[in-house]
Amino acid sequence: MRMIDIIIKKRNGKTLSAEEFNFVAQAAAKGTVPDYQLSAFLMACFLNPLSDKETALLTKAMAHSGERLDFADIDMPKVDKHSTGGVGDGVSLPLAALVSCAGVAVPMMSGRGLGHTGGTLDKLESIKNFEIRMPAKLIHRQIQKLGVCMFGQTKDLAPADRKLYSLRDATGTVESRPLIVASILSKKYAEGVDSLLMDVKYGSGAFMQKLSDSKKLAQALVNTAKQLGLKCRALITYMDQPLGRAIGNANEMYQSIQILKGNKKLAPDFYEVLLDTGAHMLVISGREKSVEKARKLLEKFIADGTARAKFREMVKWQGGSPKVVDQPEKHLKNAKLHLDFKADKSGYVGFIDAKLTGMAGVLLGAGRNTMEDPIDYGAGIWLHKKAGDAVKKGDVIATLYASDPKRLKAGAELFAQAVKLSAAKPKPYKLVHSIIK
């Protein structure tokens with residue numbers, strides 16, 4: 001089999017076989033063909049989009065290009081969640097431990113942030129010494145003993161995806177829906193779960209800004225996951241404005257711990273998305289029959305301290321100090337410089353643009369534009385007011401944190417463009433737009 005023949009076949013719009021996709025995936029993982037041929041293959045797939053069946057075959061081939069996690073000996077449903085990312089979307093942080101309280105295994109593999117969207121791994125690493133790079137043997141042991149583990153992709157898990165993902169960015173093929181689906185699901189399929197909840201966001205702060213595009217991506221993800229034998233559904237969720245009050249790594253971790261302590265009034269929108277996501281995970285895993293019952297169960301775990309205790313144990317297992325959970329204000333410190341952003345008139349907070357807020361967070365030091373950029377874990381934004389809240393002139397709408405005065409100034413100037421005040425109270429927005437099964 002030759003790479004050039006596969007490229008020509010796809011260039012001419014013909015259907016590729018499982019063997020051909022396996023050849024491409026192995027070549028990408030092992031470096032046995034040059035990058036220019038892999039790039040040509042990606043462009044051929046971009047110009048002649050893969051069918052649903054081809055997408056599933058590519059996904060499977062990429063997942064099998066390296067080692068896979070195997071939890072077959074663990075007698076619990078295995079479920080995970082993937083979000084397409086947004087601003088303030090730290091839901092995964094409390095979610096994994098919370099859902100695992102119900103007797104399901106949650107091996108949650110996550111990524112780093114890039115651009116205006118935050119990354120779960122960066123947020124976890126705001127806890128000193130928290131270990132996210134774990135060998136498969138330790139992940140398996142932790143899942144077996146604790147039921148939850150949050151970790152990053154190792155070099156041996158779906159290595160073909162890592163190579164093809166980097167080339168997509170360099171070849172103008174990022175927007176290909178089948179390639180997006182294969183990239184997301186290959187990593188999740190390699191995880192060894194049997195059910196998967198997708199949180200596909202839409203709005204200014206989302207990867208897919210148009211609702212129609214988000215729905216198409218969600219449907220493609222669900223269809224492909226089912227072809228792979230995974231139980232799957234997707235929530236279409238709102239990301240035109242930031243979720244919760246925290247933007248930044250230590251900030252978002254602090255908020256998550258407070259939620260697990262039962263402080264649901266701190267960030268009601270965050271709390272709602274957390275419960276909805278967790279409830280659907282329990283339903284697709286088979287643990288609960290209805291979303292309503294699942295929500296009540298999760299609320300019980302938060303109220304009686306079970307979820308907080310589980311999160312505390314996970315932190316301890318992965319090298320962090322459990323004192324972070326007991327005293328988050330002491331161990332998750334904000335950057336040394338701060339600026340209060342105040343209302344210049346009375347009225348209501350009409351709108352806070354998610355993308356501009358996320359970009360302001362990057363300028364403050366909370367995010368990165370390239371994977372090599374350092375992260376300031378204490379940098380970020382805390383929203384004292386959200387859309388719909390009444391304000392008087394001089395009220396503090398948000399506090400911005402940075403370690404460098406130039407960064408603080410730049411972040412504040414951009415954040416000012418994100419906030420719109422209005423004379424009339426804005427209409428409330430729906431957090432979960434729809435569910436795709």
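Nothing fancy with the numbering, it's 1 onward along the sequence.
For the pair L50 and R177, the minimum side-chain heavy-atom distance is 4.5 Å or more.
Counting non-hydrogen atoms of other residues, nucleotides and ligands closer than 6.0 Å to CG of D73 gives a total above 12. Within a 6.0 Å sphere centred on NZ of K310, other residues, nucleotides and ligands contribute more than 12 heavy atoms.
Summarising the geometry of I184 relative to H82, their closest heavy-atom pair is CG2-CD2, 3.6 Å, with the distance given to 0.1 Å. Nearest heavy-atom pair across F71 and K78 is O-NZ, 3.3 Å. Residue I436 comes nearest to A218 through the heavy atom pair CD1-CB, 3.7 Å, listed as atom of the first residue, atom of the second, then distance.
At distances below 3.5 Å, at least one donor-acceptor pair connects side-chain atoms of H116 with backbone N or O atoms of G205.
The existence of a salt bridge linking K163 and D35 is confirmed by a sub-4.0 Å separation between a basic side-chain nitrogen and an acidic carboxylate oxygen. A salt bridge links D276 to R295: at least one charged side-chain nitrogen sits closer than 4.0 Å to a carboxylate oxygen. Using a 4.0 Å cut-off between charged side-chain N and carboxylate O, E252 and K123 make a salt bridge. Using a 4.0 Å cut-off between charged side-chain N and carboxylate O, K155 and E67 make no salt bridge. Salt bridge annotation for R308-D326: present, with a cationic side-chain nitrogen under 4.0 angstrom from a carboxylate oxygen. Salt bridge annotation for D5-R2: present, with a cationic side-chain nitrogen under 4.0 angstrom from a carboxylate oxygen.
In this structure, NZ in K201 is found 14.5 Å from CZ in F207, a value given to the nearest 0.5 Å.
A donor-acceptor contact closer than 3.5 angstrom is absent between the side chains of Q227 and T224.
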For this session: Please lay out, stage by stage, how D156 and T154 fare under the test side-chain hydrogen bond (donor to acceptor under 3.5 Å, both in side chains).
Result: CA-CA 5 Å; D156 298 318; T154 70; 4.9 Å; no
